[in-house]
Colleague: 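Attaching a single structure in structure tokens format; questions to follow.
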Amino acid sequence: MLMAVVETGSFRKAAGVVFKSQAAVSKAIKGLESELNIPLFSRDTYRPLLTKKGRAFYQKSKEVVEQFDDLLDFGRELSLGYEPEVDIAINAICATPQLLSLIKTLDDKYPRTQLNLSIENLGVPMDRLKQGKVDFAITRILEPDPELESIDLFDVKLLTVARHDLEPVRQKERSQQLMKKYSQIIVRDDAGWGEKLSISLLPGGRSWEVNDLFSKKEVIVAGLGWGQLPEHLISEELRAKTLVPINIEGFPHQNIRRMSLIKKRAVRLGPVAQQLWDSASCMGALGHSDHP
């Protein structure tokens, strides 16, 4: 009623807005003033004008009403089956702009559903999905699993790189024997199931484990070793030639990893999760390539 009086400029018009009599509105405002022990409206003018304290209270009341309206909308969405949360575990190598754009679009469309994203190493996203800790994993599939359902999204190119002034970069011939003298930087795989994903490891060579992909990048940029990194993550360093691709005899210069959106086949999706699944289907159809 307070908001109606302020926004219409009169008790009579406010009464029409809230479907009450003018006397009822007037009585309610007086009751609110009595409860707060402050005058909300000045009695010195013909039209209702807020006092200084009344203006402050009115501004705060608008925030409260907006929050309450939002709460009611949220309750209605829950009643329609909208999920309060959707949990997604993402392989760190595939946090590409196109994937993040897809998730942002979903977040904009369903602002009341909390999207919980966890950027994980190697086999951890699949690990968390199998344990039922997340609704989706976005990662690489090593082998078919009848309990899982997936949509191919896009390919990620991994390049073998080193800092431009690392000694092996200057060599014309880079044998495996030469490269074994320099630390290969790898990300530790903390997954608890199946095959470990720390592949493309030079056998018998020195290695240095780090906790995450971004630490791996920083260590390689610092010139402390070499390793494979996603092309999209090092695009600026490649343009500046801070990092350069290197060829090693008998070792893959680059790897192509196909990333997929994966869920448990038996799990029924809510409206928000289904929207992500449908959007991923469109992305996969547009971005599909012939790489293995």
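Because the structure is a prediction, the values reported are computed rather than measured.
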Colleague: For the NZ atom of K20 and the CE atom of M1, what is their distance to the nearest 0.5 Å?
Modeller: 5.5 Å
Colleague: Once you round to the nearest 0.5 Å, how far does CG of L261 lie from CG of D152?
Modeller: 10.5 Å
Colleague: Counting only pairs under 3.5 Å, give me each side-chain donor-acceptor contact of residues 262-272, with atom names and distances, residues two or more places apart or in other chains.
Modeller:
| unit_1 | atom_1 | unit_2 | atom_2 | d |
| --- | --- | --- | --- | --- |
| K263 | NZ | E149 | OE1 | 3.1 |
| K264 | NZ | K130 | O | 3.2 |
| R265 | NE | P146 | O | 3.1 |
| R265 | NH2 | L148 | O | 3.0 |

Colleague: From S61 OG over to F68 CZ, what is the distance, rounded to the nearest 0.5 angstrom?
Modeller: 14.0 Å
Colleague: Compare all side-chain heavy atoms of L99 with those of F154 and state whether any distance is below 4.5 angstrom.
Modeller: yes
Colleague: What are the two closest heavy atoms between N91 and P125, and how far apart are they?
Modeller: N-CG, 3.6 Å
Colleague: Show me the donor-acceptor pairs, under 3.5 Å and distance only, between side chains in residues 3-18 and residues at least two apart or in other chains.
Modeller:
| unit_1 | atom_1 | unit_2 | atom_2 | d |
| --- | --- | --- | --- | --- |
| E7 | OE2 | Y58 | OH | 3.2 |
| T8 | OG1 | A4 | O | 2.7 |
| T8 | OG1 | S10 | O | 3.1 |
| T8 | OG1 | A14 | N | 3.4 |
| S10 | OG | K13 | N | 3.0 |

Colleague: Sequence neighbours excluded, which residues qualify as side chain to side chain donor-acceptor pair (under 3.5 Å) partners of T160?
Modeller: Q228
Colleague: Can you run down the salt bridge (charged side-chain N to carboxylate O under 4.0 Å, His left out) pairs that involve residues 89-106, sequence neighbours left out, and say none if there aren't any?
Modeller: K104-D108
Colleague: Between the main-chain N or O of E83 and the side-chain N or O of T113, is there a donor-acceptor pair closer than 3.5 Å?
Modeller: yes
Colleague: Taking only residues two or more places apart in sequence or in another chain, which ones pass side chain to side chain donor-acceptor pair (under 3.5 Å) with K133?
Modeller: Q131
Colleague: Testing the basics here: between A92 and L213, what is the closest heavy-atom pair and its distance to 0.1 Å?
Modeller: O-CD2, 3.7 Å
Colleague: For Q275 versus K109, what's the shortest heavy-atom pair and its separation?
Modeller: OE1-NZ, 3.2 Å
Colleague: Is there a path from V25 to L49 through hydrophobic residues (I, L, V, M, F, W, Y) whose side chains come within less than 4.5 Å of each other?
Modeller: no
Colleague: Could you see if L100 belongs to whatever hydrophobic cluster contains L115? Use Ile, Leu, Val, Met, Phe, Trp, Tyr and a side-chain cutoff under 4.5 Å.
Modeller: no
Colleague: Going through the distances and angles, do L229 and L158 end up as a side-chain contact (heavy atoms from CB on, under 4.5 Å)?
Modeller: CA-CA 5 Å; L229 287 168; L158 297 174; 5.9 Å; no
Colleague: Are any of the side-chain heavy atoms of N255 and R257 separated by less than 4.5 Å?
Modeller: yes
Colleague: Using 0.5 Å steps for rounding, measure from the CD1 atom of I93 to the NZ atom of K216.
Modeller: 9.5 Å
Colleague: Let me confirm one number: the CG-OG1 distance from L122 to T139, rounded to the nearest 0.5 Å.
Modeller: 8.0 Å
Colleague: Quick one, L117 and D87 - any side-chain contact, counting heavy atoms below 4.5 Å?
Modeller: no
Colleague: If every non-hydrogen atom of Q184 is compared with every non-hydrogen atom of L202, which pair is closest and at what distance?
Modeller: OE1-N, 2.9 Å
Colleague: Do L40 and L32 have side chains that approach each other closer than 4.5 Å (heavy atoms only, starting at C-beta)?
Modeller: yes
Colleague: Examine distances only and state if a side-chain atom of R188 and a backbone atom of N211 form a donor-acceptor pair shorter than 3.5 Å.
Modeller: no
Colleague: Given side-chain contact (heavy atoms from CB on, under 4.5 Å), test I138 with C94 step by step and report yes or no.
Modeller: CA-CA 8 Å; I138 301 177; C94 64; 3.7 Å; yes
Colleague: Which residues satisfy the side chain to side chain donor-acceptor pair (under 3.5 Å) test with S118, sequence neighbours excluded?
Modeller: E120, R128
Colleague: Under the side chain to side chain donor-acceptor pair (under 3.5 Å) test, which residues partner E85, sequence neighbours left out?
Modeller: N116
Colleague: May I have all residue pairs that pass salt bridge (charged side-chain N to carboxylate O under 4.0 Å, His left out) and include part of residues 26-42, sequence neighbours excluded?
Modeller: E33-R43
Colleague: So, taking the atom named CG in L142 and the one named CE in M126, what distance separates them when rounded to the nearest 0.5 Å?
Modeller: 7.0 Å
Colleague: So R140 and R258, do their side chains get closer than 4.5 Å, heavy atoms only?
Modeller: no
Colleague: Tell me, with the steps shown, if I186 and W208 meet side-chain contact (heavy atoms from CB on, under 4.5 Å).
Modeller: CA-CA 6 Å; I186 60 173; W208 183 353; over 6 Å; no
Colleague: Please list all pairs passing the salt bridge (charged side-chain N to carboxylate O under 4.0 Å, His left out) test where one or both residues lie in residues 224-236, with sequence neighbours left out.
Modeller: K157-E231
Colleague: Are side-chain heavy atoms of S215 and I185 found at a separation under 4.5 Å?
Modeller: no
Colleague: Nearest heavy-atom pair of D135 and L129: which atoms, and what distance?
Modeller: O-CD1, 3.7 Å
Colleague: Can you pull the salt bridge (charged side-chain N to carboxylate O under 4.0 Å, His left out) pairs that have at least one residue in residues 54-66, sequence neighbours excluded?
Modeller: K60-E63
Colleague: Taking side chain to side chain contact (heavy atoms under 4.5 Å, CB included) as the test, write out the residues that go with H232, two or more places apart.
Modeller: T96, V156, P230
Colleague: Taking the side chain as everything from C-beta on, heavy atoms only, tell me whether I88 gets closer than 4.5 Å to V134.
Modeller: no
Colleague: Checking Q114 side chain against V86 main chain: does a donor-acceptor pair fall under 3.5 Å?
Modeller: no
Colleague: Run K217 and L233 through side-chain contact (heavy atoms from CB on, under 4.5 Å) and show every step you take.
Modeller: CA-CA 8 Å; K217 174 184 172 180; L233 185 64; 4.1 Å; yes
Colleague: Please enumerate all residues that pass side chain to side chain contact (heavy atoms under 4.5 Å, CB included) together with Q177, with sequence neighbours excluded.
Modeller: S175, K180
Colleague: Does the side chain of F136 reach to within under 4.5 Å of the side chain of I90, using non-hydrogen atoms?
Modeller: no
Colleague: Taking all heavy atoms of W226 and all of Y182, pick out the closest pair and write down the distance.
Modeller: NE1-O, 3.3 Å
Colleague: Begin from the C-alpha positions of K181 and E167 and carry the test salt bridge (charged side-chain N to carboxylate O under 4.0 Å, His left out) through to its verdict.
Modeller: CA-CA 10 Å; K181 299 177 182 179; E167 182 59 33; over 6 Å; no
